[in-house]
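Basis for what follows: all heavy atoms, side chains included, without hydrogens, waters or symmetry-related copies. Residue numbers begin at 1 in each chain, while the letters A, B, ... track the order of the sequences.
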2 protein chains.
Amino acid sequence: MAYQTVRSWDPELVPTPAGRGARPDEACPVEVALRVISGRWSTLLIRELLHGPLSYGAFRKRLPTLTDKVLTDRLAELRGHGIVERQITRGFPSRVTYQLTPRGEALRPLMIELYRTGEALLA
Amino acid sequence: MAYQTVRSWDPELVPTPAGRGARPDEACPVEVALRVISGRWSTLLIRELLHGPLSYGAFRKRLPTLTDKVLTDRLAELRGHGIVERQITRGFPSRVTYQLTPRGEALRPLMIELYRTGEALLA
DNA sequence: CGGAATCCTATCGGATACTG
DNA sequence: CAGTATCCGATAGGATTCCG
């Protein structure tokens, strides 16, 4: 009979089997969360939207060095993840605004924790 | 006189000027935190180490599809960030183990929050 | 056992120009 | 105002081979 060391999972760190894979896994909750906030500029867009809805042009004013292509890419990605939605108001001029969905608002505690952890690492 | 809308920062979300930049910034706490956990396999290595020290070979056994190159890269990166340290025990056989530093242990709340948020997004 | 050195490819994101 | 369409260089990370 051979011995083996069985590792028990910390139930606070890894409460469900979904986080116990032996390889990168789309369904792992940690990766799900990371995927929606990952990508250059993503956290900046989320930060802006956590303060309220913005138009395309308002993004460009607040983040002047962000190019159209990347802004469009990121907004599409965030919309694809159900984090952001686009509101079009018809009329002259027709107004387009982006805002967080309830799913998007759910990112706030994570953003706060990221900030906190980053500050701790800097100290 | 022109009007302008001045945005006030949510002091819980962005408590210090370090997080108010208009472009991606290495010194932004959010990016600092993201940088140390980013990269494929990184969160898996951190998860393993949050359960205790591991040898190089133990990593390979627990994460069989992770290649030497990437494992070496990630460990070097995590060591460079001061998250992980390497302990060498002389003798036969000479033993090498990797473990989290106190800075590394400080990532635990963030990992838990990532998991929580990911589960919320999946629901 | 515990790595380092090469090579190769896919994706990412910046620059630029154009459009309804 | 609110985007699209191309192009293109830099990295990231996987496969493979070799080393003390």
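R74(A) has a carboxylate O that lies under 4.0 Å from a charged side-chain N of E77(A), or vice versa, which qualifies the two as a salt bridge.
The distance between atom CZ of R40(B) and atom C1' of dA10(C), rounded to the nearest whole Å, is 12 Å. Straight-line distance from the CG atom of D68(A) to the P atom of dT6(D): 16 Å, rounded to whole Å. Between the CG atom of L44(A) and the C1' atom of dG13(C) there is a distance of 15 Å, rounded to whole Å. Straight-line distance from the CG atom of L66(A) to the P atom of dC12(C): 16 Å, rounded to whole Å. Taking atom CZ of residue R74(B) and atom C1' of nucleotide dG14(D), one finds them 11 Å apart after rounding to whole Å.
Applying the 3.5 Å distance criterion, the base of dG3(C) shares no donor-acceptor pair with the side chain of K69(B).
Nearer to the 5' terminus of DNA chain D, by closest-nucleotide assignment, is the contact made by R95(A) (compared with the other of R95(A) and V70(B)).
Phosphate proximity of dC12(C) to W41(A): absent, as no side-chain N or O sits under 4.0 Å from OP1 or OP2.
Judged purely by atom type and a 3.5 angstrom limit, R62(A) has no side-chain atom pairing as donor or acceptor with the backbone of G57(A). A donor-acceptor pair is defined here as one N or O able to donate and one able to accept, closer than 3.5 Å; such a pair exists between the side chain of R7(A) and the backbone of G52(B).
For the residue pair T16(B) / Y115(A), a side-chain donor-acceptor distance below 3.5 Å is found, with atom types taken as modelled.
Of the candidate nucleotides dA15(C), dG3(D), dG14(D), dG3(D) has the atom lying nearest to any side-chain atom of T72(A).
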